[in-house]
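A note on names: the letters A, B, ... follow the listed sequences, proteins ahead of strands, and every chain is numbered from 1.
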Amino acid sequence: MKQMKEYNPKEIEKKWQDIWEKEGTFIASEDKSKPKFYALIEFPYPSGEGLHVGHPRPYTALDVVARKRRMQGYNVLFPIGWDAFGLPTENYAIKNKIHPRIVTEKNIARFKSQLKSLGFSFDWSREVNTTDPAYYKWTQWIFLKLFEKGLAYKKEAAINWCTDCKVGLANEEVVNGVCERCGGEVVRKVKNQWMLKITEYAERLLSDLDLVDYIERVKVQQVNWIGRSEGAEVDFNTTAGYTLKVYTTRPDTLFGATYMVISPEHPMIDELKDKITNLDELIEYREKAARKSDFERTELAKEKTGVQVKGIMAINPVNKKEIPIWISDYVLMSYGTGAIMAVPGHDTRDWEFAKKFNLPIIEVVAGGDVEKEAFTDIENGTMVNSDFLNGLNVKEAKEKITEWLEQNGIGRRKVNYKLRDWVFSRQRYWGEPIPLVYCEKCGWVPIPEEELPLLLPEVESYEPTDTGESPLANMPDWVNTTCPKCGGKAQRETDTMPQWAGSSWYFLRYTDPHNDKELASKENLEYWMPVDWYNGGMEHTTLHLLYSRFWHKFLYDIGVVPTPEPYQKRTSHGMILGENNEKMSKSRGNVVNPDEMIDEFGADTLRMYEMFIGDFEKAVPWSYNGIKGCRRFLDRVWRLQSFIVEGDEYSSDLEVAMHKTIKKVSEDYENLKFNTAIASMMSLVNSFYAKEKVTRAEFRDFLILLNPVAPHITEELWELNGYEGMLNQQKWPTWDESKTVEDQIEIAVQINGKVRERIMIPSGLGKEETEEAAMKDEKVLELIKGKNVIKVIGVPGKLVNIVVK
RNA sequence: GCGGACAUGGCGGAAUUGGCAGACGCGCUAGAUUUAGGAUCUAGUGGUGACCCCGUGCAGGUUCAAGUCCUGUUGUCCGCACCA
């Protein structure tokens, strides 16, 4: 036994990180003849807090896959960058009176050193930064293209306004009625906003989910968020001659419509103000509704409120009956037509409203008791009280009435989506300036492409204003400009883009990050896209993921990118919780800092524990003892050196174990089952210890298998023990399926389903031979002696069950 | 309310198409070694003292065989939230 050096992670991790950097080991090659593999993680937002141990979980997972793929001969792109515009930095900058650019630089430096100390195989030469003018030039360019194609428009709209951040929020940023970022109260505020027509892509965003390999829960969430529904639009005439359009998914219940409800903001009220006899009352209700924050609205959702529109009645087109019109805030202007036909017999909300205001309820689908509750079942039940629909089931009735409506020109088939257009303006400083100017004569005019990027100006104060204007509005020198079209006086847009802008296309930039002619070259996009595997958090499923798919589809339509979808495969990791099983946060005092773990145990141990901690897709609490166990394993691996014996082959008694492990590890790394891959390597090491021997061939292949998880220690052991070259340049080992099974295997013999004996039989026996082998066994014969054997069921390789009486 | 996921030892978790429940790790117990151990090694570790038996949230069912399939039920987590 030779003298062994101590395992010193501090020393060897630094050593190998320096070597990898110096040699450019992980720089993606420009050689496009090799098969490519593009692995992507969500680029981090460089906050002032630094990393906690939750961050490295997804990064390590894809690092493992990336490292394995390189050894399998792929040209791997595994890039990293910074999503650096955004509110927290700006807020911190305001509070501490430091320019957000300086704050950003500082935070990035911190994140970078933390990520580097974990030994990820990122291609640092392709680092991007959304706040770099050379990057946001192209964010602005894409926006101009959207504007050019009519997909960006400015609209006076009631938006979600965070009273703390003093900024408009997208629907997606309002969580439970409060601001997703700061938890501040959100109220409705009418503002002139830039909007992006993501709704125009709703159908494709939905149907193209068939083209990609996303985990089910991601697909389901996107489907729900897009919220497609099929129904009909129906025209209701009114006694005032005004036509009220409604959208319904239940046209079959038209005969049961006993009143109508329109949203308080519905334009009919203003248009017919001369004919409405209680206008004051309606306006009062509308104002009350507008003042309510979204939070209050949902809070008060239990009790329905409303006011009848007096002086006008609607006419049910199927039976010409006059029915009253009400306004109520349970009908939203932003969905469908802002008006509904109320069918209290078969819609729960309408039923509650009708009960409260004593409106008639008519049963049109038999099967329930509409006096007790709305009958909403659409599977069972037959149409009644519905003239020519009587006797049909719901499905048939829907079809028939829709045809009838179309024939009579009073209705049409209609598909609706819950998805709304994307509020794209922020009244903030730290974001991409919107490259448009407003000219009295020409309206909104894009600044010429060659003038991009439109730089964010230096500014005295970047505090948001109480009026809701961007800080940029306080800079007349910057705002006042000339119209690119007519040369007249014009003013710049002072709103900036939301944080989601830069992250909607960053994966494209990685393919060609230094290109100053295009956002990325055609050849590079052709070669690298789509992203083969994208892992990220579930919290981005309805925001970033949908937004970036939308931009990508748009870029596909205008011929910039070669694929209709950006990401071929999407997976998601579970959160790492504090040791107390609560979400890790500063305020709970349960944050575990990766720097400290690296200092105490080493990066390899941390990486390994991140992967071994549990089911990758589930939330799991951190455990200090758990990480200690991983360090213990690496210590054991280090000490394997003392067992090394000569041998270019696997030893006969471990041959099966080797092939099995290679198979298990190779497959598990691909299937997010890092925990079981590591478990199988631990078992293998236990076998080496049991023998106190490991051949050079066994050790060699074991090191390769372990390398993606623990890259530093394995490189060091590779070198120390005189293997050729660098470990990361080796070929991934392969397994021989026929060698993954022992010659003799143990199977169970059950009697009436209970295991009573275990026998050794040669592997590969068929069903009958297996049964025969069991029936020959002495102990088994003993056990069934004198009993009546009814049935013998053999399962090759598993067990034999003997049914006796 | 709607949609989705999950429920297995003291803990994190394993378990192809239904086929030996509890792999691997932690923790714990005992022993060895050590001046000492939050080090290392060996053995044990679902419950009950042992064979038996009982055991995958709960109650049924299908099957030779159920953690896995079916029906019902309870609980936890996540997403959406008056979407007509």
Side-chain angles (χ1 to χ4, degrees), chain A residues 171-172 175-177 216-225 227-229 231 246-250 253 261 263 294 297-298 300-302 304 328-332 334-343 346-350 352-353 376 416-420 538-539 541-542 574-575 579 581 608-609 612-615 617-630 632-633 635-636 639 664 667 673 675-686 689-690 746-758 790-804:
Chain A
N171 286 327
E172 291 84 343
V175 177
N176 292 326
E216 200 52 31
R217 56 196 170 125
V218 169
K219 273 194 189 180
V220 166
Q221 257 188 49
Q222 291 219 343
V223 168
N224 290 347
W225 190 261
R228 184 183 198 274
S229 73
V246 304
Y247 171 72
T248 178
T249 55
R250 294 293 307 273
T253 61
V261 186
S263 159
D294 279 7
R297 267 205 184 192
T298 41
L300 299 170
K302 287 153 198 139
K304 295 269 183 291
S328 173
D329 62 4
Y330 88 84
V331 173
L332 311 172
S334 50
Y335 183 77
T337 62
I340 62 158
M341 62 177 211
V343 184
H346 305 283
D347 181 283
T348 311
R349 295 152 302 176
D350 298 344
E352 284 168 10
F353 194 83
T376 55
N416 244 318
Y417 302 91
K418 285 201 271 185
L419 186 69
R420 306 293 157 79
M538 282 307 288
E539 68 275 22
T541 305
T542 50
M575 229 189 315
E579 292 217 62
N581 235 310
M608 182 162 185
Y609 184 54
F612 186 64
I613 190 167
D615 182 339
E617 302 199 70
K618 285 203 207 127
V620 63
W622 186 258
S623 156
Y624 183 75
N625 279 326
I627 189 171
K628 273 198 311 196
C630 287
R632 199 172 300 165
F633 173 72
D635 281 324
R636 271 163 79 78
R639 289 195 308 269
K664 179 91 181 136
E667 291 178 347
K673 299 186 128 195
N675 54 338
T676 49
I678 291 169
S680 73
M681 288 188 282
M682 288 173 166
S683 293
L684 185 63
V685 168
N686 289 344
Y689 267 79
E746 189 189 70
I747 64 161
V749 182
Q750 300 181 330
I751 295 180
N752 290 339
K754 299 228 152 99
V755 179
R756 287 292 181 253
E757 175 63 344
R758 289 162 216 274
I790 294 170
K791 213 173 179 183
V792 180
I793 302 121
V795 182
K798 299 277 181 191
L799 52 65
V800 176
N801 190 7
I802 303 164
V803 185
V804 299

Please identify each residue that fulfils ring pair (Phe, Tyr, Trp, His ring centres under 6.0 Å) with A:Phe633, with sequence neighbours left out. none

A:Arg639 side chain near B:rC41 phosphate (N/O to OP1/OP2, under 4.0 Å): yes

Can you tell me how far P in B:rU35 sits from the matching atom in B:rA21, rounded to whole Å? 47 Å

Would you please confirm or rule out a distance under 4.0 Å between OP1 or OP2 of B:rG12 and any side-chain N or O of A:Asn625? no

B:rG75: syn or anti, with syn meaning chi within 90° of zero? anti

Nearest 0.5 Å, please: how far is NZ in A:Lys304 from CG in A:Asp350? 8.5 Å

Verify the contact: side-chain N or O of A:Tyr247 to OP1 or OP2 of B:rA84, cut-off strictly under 4.0 Å; return yes or no. no

For a 4.5 angstrom cut-off between non-hydrogen side-chain atoms, does A:Met341 reach A:Thr253? yes

Does some side-chain heavy atom of A:Arg636 sit less than 4.5 Å from a side-chain heavy atom of A:Asn686? yes

Side-chain heavy atoms of A:Met682 within contact of A:Phe612, under 4.5 Å: yes

Establish, with yes or no, whether the OP1 or OP2 oxygen of B:rG79 is under 4.0 angstrom from a side-chain nitrogen or oxygen of A:Thr541. no

Phosphate OP1/OP2 of B:rC26: any A:Arg632 side-chain N/O under 4.0 Å: yes

I want to check one thing: is the phosphate of B:rA15, taken as OP1 and OP2, less than 4.0 Å away from some side-chain N or O of A:Lys673? yes

Looking only at heavy atoms, which two atoms of A:Tyr417 and A:Tyr335 are closest? And how far apart? O-CE1, 3.4 Å

Would you check if A:Val804 and A:Asn752 make a side-chain contact, meaning some heavy-atom pair closer than 4.5 Å? yes

At under 4.0 Å between heavy atoms, what does A:Gly336 touch on the DNA or RNA strands: base, sugar-phosphate, or nothing? nothing

Using the P atom as the point on both nucleotides, what is the distance between B:rC78 and B:rG44, in whole Å? 41 Å

Of the listed nucleotides (B:rA84, B:rG19, B:rC53), which one gets closest to any side-chain atom of A:Ile793? B:rG19

Considering only heavy atoms and no angle criterion, is a donor-acceptor pair shorter than 3.5 Å present between the side chain of A:Tyr624 and the base of B:rG38? yes

Using a 3.5 Å limit on both pairing distances, list the dot-bracket string of RNA chain B from the 5' end; Watson-Crick and G-U wobble pairs count, crossing pairs take [ ], interstrand pairs take |. (((((((..(((......[....)))((((((.......))))))((.....))..(((((..]....))))))))))))....

Short side-chain N/O contact from A:Arg636 to OP1 or OP2 of B:rU40, under 4.0 Å: no

Could you work out the separation of B:rU42 and B:rG55 based on their C1' atoms and round it to a whole Å? 30 Å

Rounded to whole angstrom, note down the C1' distance from B:rC69 over to B:rG19. 14 Å

What I want to check is whether an N or O donor and acceptor connect the side chain of A:Lys304 with the base of B:rC82 at under 3.5 Å. yes

